[in-house]
Amino acid sequence: MKSFVEYSSDSDFSIHNIPFGVAVFNKEYIGCCTRIGDQVIDLATLYDYGYFEEIEGLIDNIFEAYTLNEFIELGKPITNAVRQKIQELLQEDSILSKDEKTIEEAFYDLDKVKMMMPVHIPNYTDFYSSIEHATNVGKMFRDPANALLPNWKHLPVGYHGRASSIVVSGTEINRPKGQTKPADVEKPVFGPSKQLDFELEMAFIINKNTEMGESISTREAEDAIFGMVIFNDWSARDIQSWEYVPLGPFLAKNFGSSVSPWVVTLEALEPFRTASPKQDPEVLEYLQFEGDKNYDINLEVYIQPENGEQNLICESNYKHMYWNMTQQLAHHTVNGCNVEVGDMYASGTISGSDPKSFGSMLELTWRGQNPITLSNGEERKFINDNDTVTMKAWAEKDGVRVGFGEVSGKIIPAK
């Protein structure tokens, strides 16, 4: 496929992608959109001019909504048809390529729009599904010889987190405050976190509602997953280490998480499927699956100090995940937990076996013992005030590139 819209060969947003998002156009109105190269396309205008009229089930201009929830709830037969129609319209010599009026009204330069949260998130769950990350943390905080807890290889560990503080890329994050207990004091103290960290994650988004008592099998899971985003699960390590026993993360996590604005569909990621790591011991029947359920997605993390340049500090890959999305969703719902349209499920920190692929400062600096030196000569054990952390994700194979763009967030001083 070749598009009439020009874009660079290394663009995340090729004609093979067709992601979905929500934007403010010309500071005037909000609507659903897609992107190719550096052009953002107002889907509501395409609908008004009849470009989707042949798609059965798309009866109203659902693209005028402030989130993608209503659109993705239509289900894959309709959302896939819309995506394929957009691909057709963007090809060379298409009807749209000759429609100058619609192009003028519906196509916007990237710098003329402001991206919004793509979905309303009713519920958010964070998993802990990278064996390398879990092993590293276990070595640091527990017995290095028995880094994984007994349950880890038998089920996808996770917790239900806070949805209200998940924000779109570009939103500043206040350094969180809370209780910590330094090793050299008898009682806990209160104040801003001194060990603020990022966690490199991906997240998937649900496209259906279920009733309490229903479950979604590994075989059914992909039909319930609309697409994926990059997810930065900001974490206050010093707060977390004091509070997490016995119930797990709380204030260390719920102050903010950042997501990329473009939702990339599973269909766009189809060419990049890859085998999952071997799971040993064999998992229980409800967690078993067939076929390739992991995805070969390259990941990068950058730190940019105030008035400085970006520093690449991590290169990882989503294919390292021990537990895949179908297993995560099957486990989450096997007890009858209901899901809702827009629910977001984060992968947990994605780390590989190479130290350069560790997906958090906790691991990259090994709890601060091995600081990272930035290009301006400054050192980082964790994230400083006014640092900006940027994550990028893309898949590439046989000349086809599909990416997510980036998620970026700047840490500002505690209020």
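Values reported hereafter were calculated over all heavy atoms of this structure, with side chains retained and with hydrogens, waters and symmetry mates removed.
Between M321 and I131, the closest side-chain pair of non-hydrogen atoms is not below 4.5 Å. Residues R367 and L362 have side chains in contact (heavy-atom distance under 4.5 Å, counting atoms from C-beta outward). Contact of the T265 side chain with the T79 side chain is not registered, since no non-hydrogen atoms from C-beta on lie closer than 4.5 Å. Within the 4.5 Å cutoff, the side chain of F4 has heavy atoms near those of the S94 side chain. The shortest distance between side-chain heavy atoms of I86 and F20 falls below 4.5 Å. Between D292 and T274 the shortest side-chain heavy-atom distance does not fall below 4.5 Å. Put simply, the side chain of E201 does not reach to within 4.5 Å of the side chain of N232, judged on heavy atoms. Residues F63 and V82 meet the side-chain proximity criterion, which asks for heavy atoms closer than 4.5 Å.
Side chains of N61 and D48: a donor on one and an acceptor on the other come within 3.5 Å. A side-chain donor from one of N123 and E340 sits under 3.5 Å from a side-chain acceptor of the other. For the 3.5 Å distance criterion, the side chains of S360 and E363 qualify, holding a donor opposite an acceptor. A side-chain N or O of H332 and one of T125 form a donor-acceptor pair less than 3.5 Å apart. Using modelled atom types, one finds a donor on one side chain and an acceptor on the other under 3.5 Å when comparing E105 with Y49. No side-chain donor from either of K381 and T365 sits under 3.5 Å from a side-chain acceptor of the other. With hydrogens and angles left out, the side-chain atoms of S97 and E92 include no donor and acceptor closer than 3.5 Å. Under 3.5 Å, the side chains of E300 and Y302 contain a donor-acceptor pair of N or O atoms. Under the 3.5 Å distance criterion, with hydrogens and angles disregarded, no donor-acceptor pair is assigned to the side chains of N338 and E211. With 3.5 Å as the limit, one finds no donor-acceptor pair spanning the side chains of T373 and E378. In the model, N294 has a side-chain atom that pairs as donor or acceptor with a side-chain atom of S276 under 3.5 Å. Looking only at atom types and distance, the side chain of D42 has a donor-acceptor partner in the side chain of Y29 under 3.5 Å away. For the residue pair S351/E132, the side-chain donor-acceptor check at 3.5 Å is not satisfied. Counted by atom type alone, N376 and E309 present zero donor-acceptor pairs between their side chains at under 3.5 Å. Judged by distance alone, the side chains of D60 and Y47 never bring a donor and an acceptor atom under 3.5 Å apart.
None of M228, E406, R35 except one satisfies the side chain to side chain contact (heavy atoms under 4.5 Å, CB included) rule with W262; the exception is R35. With I216 as the fixed residue, the side chain to side chain contact (heavy atoms under 4.5 Å, CB included) test singles out one of V334, I206, V339, I225: V339. Just one of W323, F226, F204, Y159 meets the ring-ring contact (aromatic ring centres under 6.0 Å, His included) condition when paired with Y345; it is F204.
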Legend entry - side-chain contact (heavy atoms from CB on, under 4.5 Å) between I372 and L364, worked out: CA-CA 8 Å; I372 292 171; L364 288 166; 4.0 Å; yes
Inset, instruction - Kindly indicate, with the supporting measurements, whether the criterion side-chain contact (heavy atoms from CB on, under 4.5 Å) is fulfilled by V119 and V229. - result: CA-CA 11 Å; V119 293; V229 293; over 6 Å; no
Inset, instruction - Decide yes or no on side-chain contact (heavy atoms from CB on, under 4.5 Å) for Y322 and K153, but give the supporting numbers first. - result: CA-CA 9 Å; Y322 187 89; K153 286 190 172 183; 3.9 Å; yes
Inset, instruction - Verify side-chain contact (heavy atoms from CB on, under 4.5 Å) between M116 and V24, making sure each step is shown before the conclusion. - result: CA-CA 7 Å; M116 308 290 288; V24 181; 3.4 Å; yes
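Note that the CE atom of M361 and the CZ atom of R380 stand 8.0 Å from one another [nearest 0.5 Å]. Taking OG from S408 and CE from M391, the interatomic distance works out to 10.0 Å, rounded to the nearest 0.5 Å. A distance of 4.0 Å separates CH2 in W234 from CD1 in I411, rounded to the nearest 0.5 Å. Taking CG of L284 as the start and CD of Q327 as the end, the distance is 11.0 Å to the nearest 0.5 Å. The NZ atom of K392 sits 13.0 Å away from the CG atom of N298 when rounded to the nearest 0.5 Å. Within the model, atoms OG of S193 and CG of D238 stand 3.5 Å from one another, a figure rounded to the nearest 0.5 Å.
The closest donor-acceptor contact from the side chain of N207 to the backbone of E73 lies at 3.5 Å or more, if one exists at all. With K76 contributing its side chain and E222 its backbone, the two residues share a donor-acceptor pair below 3.5 Å. Using modelled atom types, no side-chain atom of N317 and backbone atom of D296 make a donor-acceptor pair closer than 3.5 Å. In terms of modelled atom types and a separation under 3.5 Å, the side chain of Q288 and the main chain of V283 share a donor-acceptor contact. Using a distance-only test at 3.5 Å, with no hydrogens or angles considered, no donor-acceptor pair links the side chain of D109 to the main chain of D111. With Q304 contributing its side chain and G308 its backbone, the two residues share a donor-acceptor pair below 3.5 Å. A distance-only check finds a donor-acceptor pair linking the side chain of N69 to the backbone of H120 [under 3.5 Å]. Panel note: side chain D387, backbone N384; a donor-acceptor pair is recorded below 3.5 Å. When atom types are taken as modelled, the side chain of S347 and the backbone of A203 share no donor-acceptor pair closer than 3.5 angstrom. The backbone N or O of D233 lies less than 3.5 Å from a partner atom in the side chain of S235, making a donor-acceptor pair.
Between P261 and P118, the closest heavy-atom pair is O-CB, 3.6 Å.
Heavy atoms of other residues, nucleotides or ligands lying less than 6.0 angstrom from CD of E285 number 12 at most. Remark: R162 CZ is loosely packed, at most 12 non-hydrogen atoms of other residues, nucleotides or ligands lying under 6.0 Å away. Counting heavy-atom neighbours within 6.0 Å of K410 NZ, excluding the residue itself, gives a total above 12. Heavy-atom neighbours of E379 CD from other residues, nucleotides or ligands within 6.0 Å: above the threshold of 12. Around NZ of K2, the count of heavy atoms belonging to other residues, nucleotides or ligands within 6.0 Å does not exceed 12. Other residues, nucleotides and ligands contribute only 12 or fewer heavy atoms inside 6.0 Å of the OH atom of Y66.
For F231 and Y124, the gap between ring centers is short of 6.0 Å. Aromatic ring centres of F13 and Y7 lie farther apart than the 6.0 Å criterion allows. Ring centroid separation for the pair Y244 and F250 does not come in under the 6.0 Å cut-off.
Ion pairing between K85 and E88 holds under the 4.0 Å rule for side-chain N and carboxylate O. Salt bridge E315/K356: absent, no basic N to carboxylate O contact under 4.0 Å. A salt bridge links E199 to K253: at least one charged side-chain nitrogen sits closer than 4.0 Å to a carboxylate oxygen.
By the 30° and 60° cut-offs, the orientation of the rings of Y128 relative to H133 is perpendicular.
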